[in-house]
Protein chains: 2
Amino acid sequence: MNPKPTRRDALDNRERILATAREAIAASSGASNGVSSGVSLTAIAKQAGVGIGTLYRHFPTREALILELYRHDIQHLIDRAPVLLADHPPLVALRRWFDEVAHYGRLKYGVAEVIHAATDGGADDEYFAPFVAAIDVLLKAGAADGSLKSGIDPEDVLLQLSVLWRLDPARGGEARAGRILDLIVDGLRATP
Amino acid sequence: MNPKPTRRDALDNRERILATAREAIAASSGASNGVSSGVSLTAIAKQAGVGIGTLYRHFPTREALILELYRHDIQHLIDRAPVLLADHPPLVALRRWFDEVAHYGRLKYGVAEVIHAATDGGADDEYFAPFVAAIDVLLKAGAADGSLKSGIDPEDVLLQLSVLWRLDPARGGEARAGRILDLIVDGLRATP
DNA sequence: CAACGTACCGGAGGGCCCTCCGCTTAGCAA
DNA sequence: TTGCTAAGCGGAGGGCCCTCCGGTACGTTG
């Protein structure tokens with residue numbers, strides 16, 4: 001899909017675009033609700049000293065770019081799932097993980113953007129499959145010890161989580177996120 | 001907010017825009033996932049024989065236009081809540097209502113669009129407050145007979161519902177919607 | 001080192017969104 | 001009927017998105 005360009009100039013450009021995008025987003029992220037719309041790809045291209053066509057060749061969609069920026073952070077979140085599971089019972093681990101994802105997503109809004117893109121259905125599975133897998137691990141653990149329903153589709157849960165990114169942190173979003181996560185977890189609980 | 005224009009020409013234009021928009025959306029709604037993006041406001045204005053400025057004066061955002069188109073249908077949904085409550089126990093009424101909203105929303109995608117806009121936070125409360133009120137009635141009834149938790153914020157629930165509009169009906173969306181609604185309802189249930 | 005093919009560049013172009021402001025005209029008042 | 005005035009009109013303009021394709025230069029091969 002994105003088999004890393006082989007030519008030097010191409011690679012340079014790619015890196016330059018990523019660096020510029022990182023700056024631009026960091027600069028603009030102080031304001032507003034954190035939805036991606038704020039940054040102009042045109043501006044990034046110009047600032048990076050490449051043509052707009054070049055930017056689009058490297059990153060065919062805005063999401064592809066954001067996604068690449070936050071690949072690291074996303075991986076971190078994914079890796080947290082088994083760690084939490086090792087330290088806590090499944091139900092607690094699940095809830096903690098949700099909290100981390102929600103919190104992280106609102107902080108570094110890029111992660112939210114990625115998940116948003118992923119849940120839009122059009123995104124490359126390659127990227128968000130690990131995310132789904134992380135959820136699945138948590139769900140399976142909960143099912144195994146009887147605290148969660150069994151047979152839940154992890155993608156359904158990811159979709160439910162995607163609501164979080166639409167909260168406005170400025171106005172009660174923090175508290176609302178907590179309440180909604182509670183509701184979601186309750187929905188996943190095994191019914192005795 | 002939108003105190004209906006008093007001049008004849010203004011009113012005519014308004015109606016013409018609405019009629020044209022209705023056609024345009026009907027014509028394009030056959031395809032794709034049903035997200036609003038498909039229709040160009042520029043095209044609607046041209047087709048309606050008004051300047052783009054006129055369209056924007058009457059309907060400051062795309063959502064405002066869509067919302068006006070489906071005001072009727074939305075009202076219908078809202079009215080269904082008490083009817084269902086009269087005929088069924090609260091839990092059943094709630095679930096039925098969810099089903100109707102979900103189904104309707106995916107059929108006439110405008111409703112989805114409106115709710116989507118409403119949950120975006122920026123929307124005029126005036127419009128979606130009745131929706132929230134309808135949910136609240138259902139929740140209160142369930143709380144009263146002990147089948148649902150008490151003290152749930154209806155806006156939280158609306159937000160959870162908003163996930164439904166992002167499902168792709170073409171690929172498993174129908175079934176997925178059902179599963180997710182089950183999860184949501186379970187989350188709202190009173191914990192014994 | 002020269003020459004070449006192709007991977008990559010860049011920006012013009014078409015389309016949409018939304019704003020802003022000078023002009024038009026409907027409806028009222030005399 | 002004839003002004004008059006503000007409510008309403010409309011489109012030019014600036015910005016962004018994304019595509020497409022003629023040109024450039026990288027790296028390889030002889």
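Naming: A, B, ... by sequence-line order, numbering from 1 per chain.
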(request) Determine whether A/E68 and A/R14 make a side-chain contact, defined as any pair of heavy atoms from C-beta on separated by less than 4.5 Å. (result) yes
(request) Could you verify whether a donor N or O on one side chain and an acceptor N or O on the other, from B/D79 and B/Q75, lie under 3.5 Å apart? (result) yes
(request) Taking all heavy atoms of B/V50 and all of B/L55, pick out the closest pair and write down the distance. (result) CG2-N, 4.4 Å
(request) Return the value, rounded to whole Å, for the distance between atom CZ of B/R62 and atom C1' of C/dC17. (result) 9 Å
(message) What is the distance, to the nearest angstrom, from the CZ atom on B/R57 to the P atom on D/dG11?
(response) 12 Å
(request) Round to a whole Å and report the spacing from OH of B/Y56 to P of C/dT19. (result) 7 Å
(request) May I ask you to test the B/L67-B/F59 pair for a side-chain heavy-atom distance under 4.5 Å? (result) no
(request) Tell me which residues in residues 43-51 of chain B put a heavy atom below 4.0 Å from DNA chain C, sorted by number, or none. (result) none
(request) For B/R14 and D/dC9, give me the distance from atom CZ to atom P, rounded to whole Å. (result) 11 Å
(message) Is the phosphate of C/dC9 approached by A/N13 (side-chain N or O, under 4.0 Å from OP1 or OP2)?
(response) yes
(message) Looking at every non-hydrogen atom in both residues, tell me the closest pair between B/R22 and B/L69 and how far apart they are.
(response) NH1-O, 3.3 Å
(request) Identify, between A/G53 and A/T42, the residue whose nearest nucleotide on DNA chain D lies closer to the 5' end. (result) A/T42
Kindly give the atom pairs (protein nitrogen or oxygen, nucleotide nitrogen or oxygen) under 3.5 Å for nucleotides 22-28 of chain D.
residue: D/dG27; atom: OP1; partner: A/R8; partner atom: N; Å: 3.0

(request) Side-chain contact test, heavy atoms from C-beta onward, threshold under 4.5 Å: evaluate it for A/V101 versus A/F98 and give yes or no. (result) no
(message) Taking NZ in A/K149 as the centre, count heavy atoms belonging to other residues, nucleotides or ligands within less than 6.0 Å. Is the count above 12?
(response) yes
(message) Could you tell me if the side chain of B/H88 sits less than 4.5 Å from the side chain of B/R96, heavy atoms only?
(response) yes
(request) For residues B/S40 and B/R62, report the shortest heavy-atom separation together with the two atoms involved. (result) N-NH2, 4.3 Å
(request) Please examine the side chains of B/V163 and A/S162, heavy atoms only from C-beta on, and report whether any two atoms are closer than 4.5 Å. (result) yes
(message) Distance check needed: C/dC8 P versus A/H58 NE2, whole Å only.
(response) 8 Å
(message) What is the distance, to the nearest angstrom, from the CD1 atom on A/I17 to the P atom on C/dC8?
(response) 13 Å
(request) Looking only at side-chain atoms of A/A10, point me to the closest of D/dC16, C/dC8, D/dC9. (result) C/dC8
(message) Need to verify one output field. Residue with the more 5' nearest nucleotide on DNA chain C, A/T54 or B/I52?
(response) A/T54
(message) Quick one, B/I44 and B/E23 - any side-chain contact, counting heavy atoms below 4.5 Å?
(response) no
(request) Round to the nearest Å and state the distance from A/L41 atom CG to D/dG15 atom P. (result) 16 Å
(message) Taking 4.0 Å as the cut-off, does a side-chain nitrogen or oxygen of A/S40 come that near to OP1 or OP2 on D/dG15?
(response) no
(request) Please examine the side chains of A/Y56 and A/T61, heavy atoms only from C-beta on, and report whether any two atoms are closer than 4.5 Å. (result) no
(request) Please state how far atom CG in A/L65 lies from atom C1' in D/dC18, giving the value in whole angstrom units. (result) 15 Å
Can you give me the N/O atom pairs linking the protein to nucleotides 2-4 of chain D at distances under 3.5 Å, or say none if there are none?
none

